[in-house]
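To start, the structure itself, in structure tokens.
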Amino acid sequence: MSTNNPTANQETHFFGDVCKNFDHAAQFTKHDAGLLDQIKSCNSVYRFRFPIRKGNGFEVIDAWRVEHSHHQSPTKGGIRYSEMVNEDEVMALAALMTYKCAIVNVPFGGAKGGIKINPKNYTVGELENITRRYTVELIKKNFIGPSIDVPAPDYGSGEREMSWIADTYATMNPGQLDALGAVTGKPIALHGIAGRREATGRGVAIAVRECVSVAEDMDKLGLTTGLSGKKIIVQGLGNVGYYSAKFLSEFGALIVGICEFEGAVYNEDGLDVEAVFQHRKSSGSILGYAGAKQEFKNTMEGLEQPCDILVPAALENQITEANIRNIKAKIIAEGANGPTSPEAEAIFYQNGGMIIPDMYANAGGVTVSYFEWLKNLSHVAFGRMNRRFEENSNLNLVNMVEGITGIALTPIQRATIVKGASELELVNSGLEDTMIRSYHEIREIYKSNPDIGTLRNAAMVGAINKIAVSYQNLGVWP
Ligand code: NAD
């Protein structure tokens, strides 16, 4: 176990930035300093190392799991596979998970994991060994379980890794009925849930749509309401970026720029997101896409092109004092965790911009992970028990209305009205409801006191108040 002091880690200051945001927001709450300290601190920081076989020898892997807050159980958060990962980052991401869950009323504490590797440097077999051994290390210290701590995918990990974790956990806990609830983001065939893969990006798109629907705020920004024709640049074409771009364009926006690791492409008339994605998949690079009018080898230049909305969906610390003044967007919607530094945020607001903060904007993933966990604990797919009943009730109603009015519906109208909801429809509906309600909850707090100043502070104020109530109700034992 290692230090919980944000200033003790000199590698980065991401946790310090999250704490700075917390301290600022805490001024607008009425809780005593001790309780605020308890909410802010990372409760458990587990740092470990383990060997794997590589070639003819061994390699030692650095890894972490941080449980930030136990005001709700289990704790929840993704596992990042990245050679850049470090303790400060995992602590920051775990803290953000706590606030995120509170904001969208998901009853979990926050957690996060990290494995310090570049997955591209390992074979699939080696990645499986690393993932299984990581899971066993968590089991040994009681840092994983459906009622303890539930990992999910993050940067560099996905359904495949979650399957290995689920299988390892189930194997090590024979007969445990709820074992598959120990991890979310699993493939559907392994008791995952429809809609999880695209949930974070769908949530980002709904958050942006909701934000631009408020006339009062758009007037201040000098934008019209609605997504139709809004020009958007997305950074990162991974899980969050790809699905954010896909759903934003389905909602009527123009994706004018896409930035990836190797460069950026831009077309003010709009890019075909799917075509860019397929081009990158087949050629290995976003550059060279025929539908682009401009391309930039320096990917950061892509962020500075003309647009209304910028969606950073790659990594933290992408928008800083160094480039914020060159950003043309009026709205930044944070798909990634921590993409904007506090200093850059202050400048952006001073210049009349608005930021939809990460801890709300990308909460779609954990929301649907919550639905997956519920599905795993109840051992039944959503809609299975009531779909046919609903269809029969709808059919009776349609027959009755047709009988009374003497008007017969077309077969298509009939089928649309009668059809019961599928799991995907229920998941998407629950996600949409969560994102819309939470946005307005945050905005109400933002509007309630001009000194709060940013949507991030407002979101944090709401989160602190909810977590404080949990801690006050729980009391302190002994
Ligand atoms: P991912 O690994 O699927 O995709 C990340 C993409 O970003 C990759 O395509 C990568 O090449 C690209 N990238 C890396 N560095 C870049 C750079 N400098 N410029 C442009 N592109 C770059 O990861 P993801 O799951 O999409 O996660 C992205 C971010 O979203 C992370 O901050 C993560 O913590 C956050 N997030 C993810 C989820 C989720 O459900 N996956 C949920 C909430 C938040």
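Atoms within a ligand are numbered from 1 in the order they appear, just like the ligands themselves. Any value given below was found using the heavy atoms of this structure, including those in side chains, with hydrogens, waters and symmetry copies removed. Positions are given from 1, in the same order as the sequence printed here.
Each of Arg196, Lys76, His191, Glu372 was evaluated against Thr184; a single residue qualifies, Lys76, per the side chain to side chain donor-acceptor pair (under 3.5 Å) test. When Val106, Thr367, Asn362 are each tested for a side-chain contact (heavy atoms from CB on, under 4.5 Å) with Lys100, only one passes: Asn362.
Salt-bridge check for Arg133 with Glu128: failed, with every basic side-chain N at 4.0 Å or more from each acidic carboxylate O.
Between Val240, Leu315, Asn337, it is Val240 that holds the heavy atom closest to atom 27 (O) of ligand 1. Looking at Pro339, Gly156, Gly241, Gly238 and measuring to atom 2 (O) of ligand 1, the nearest heavy atom belongs to Gly156. Taking all heavy atoms of Glu260, Lys100, Met300 into account, the minimum distance to atom 11 (O) of ligand 1 is reached by Glu260.
If you check which protein heavy atom lies closest to atom 29 (C) of ligand 1, you get Ala314 O, 3.3 Å. Ranking the protein heavy atoms by distance from atom 19 (N) of ligand 1 puts Gln235 NE2, 3.5 Å first. From the protein, the heavy atom lying nearest to atom 3 (O) of ligand 1 is Asn239 N, 2.9 Å. Closest to atom 23 (O) of ligand 1, if we only count protein heavy atoms, is Tyr155 CA, 3.5 Å. Nearest protein heavy-atom neighbour of atom 15 (N) of ligand 1: Phe261 CD1, 3.5 Å. Asp154 OD1, 3.2 Å is the protein heavy atom nearest to atom 33 (C) of ligand 1. Nearest non-hydrogen protein atom to atom 40 (O) of ligand 1 is Thr200 OG1, 2.7 Å. Nearest protein heavy-atom neighbour of atom 18 (N) of ligand 1: Gln318 OE1, 3.8 Å.
Note that CZ of Arg384 and CD of Glu423 are 11.5 Å apart. Values are rounded to the nearest 0.5 Å. We find the NZ-CG distance between Lys54 and Asn121 to be 7.0 Å, quoted to the nearest 0.5 Å.
When all heavy atoms of Arg132 and Thr168 are compared, the closest pair comes out as NH1-OG1, 3.0 Å.
Atoms of ligand 1 found under 4.0 Å from any heavy atom of Ala313 (numbered from 1 in listed order, with element): 28 (C).
Taking the ring axis of Phe247 as reference, the NZ or CZ atom of Arg202 stays within 45° of it and closer than 6.0 Å to the ring centre. For Arg65 and Tyr46, the positive end is not near the middle of the six-membered ring at less than 6.0 Å and at most 45° from its axis.
Residue contacts with ligand 1, taken as heavy atom pairs separated by less than 4.0 Å, do not involve Ala152 at all.
The closest approach between any non-hydrogen atom of Met359 and ligand 1 is not below 4.0 Å. Distances from ligand 1 to the non-hydrogen atoms of Arg80 include at least one value under 4.0 Å.
Sorted by first and then second residue, the ring-ring contact (aromatic ring centres under 6.0 Å, His included) pairs involving residues 68-109 (not counting sequence neighbours) are Phe22-Tyr99, His68-Tyr99, His71-Tyr471, Phe108-Tyr370, Phe108-Trp373. Among residues at least two apart or in separate chains, ring-ring contact (aromatic ring centres under 6.0 Å, His included) pairs with a member in residues 425-446 are Tyr360-Tyr439.
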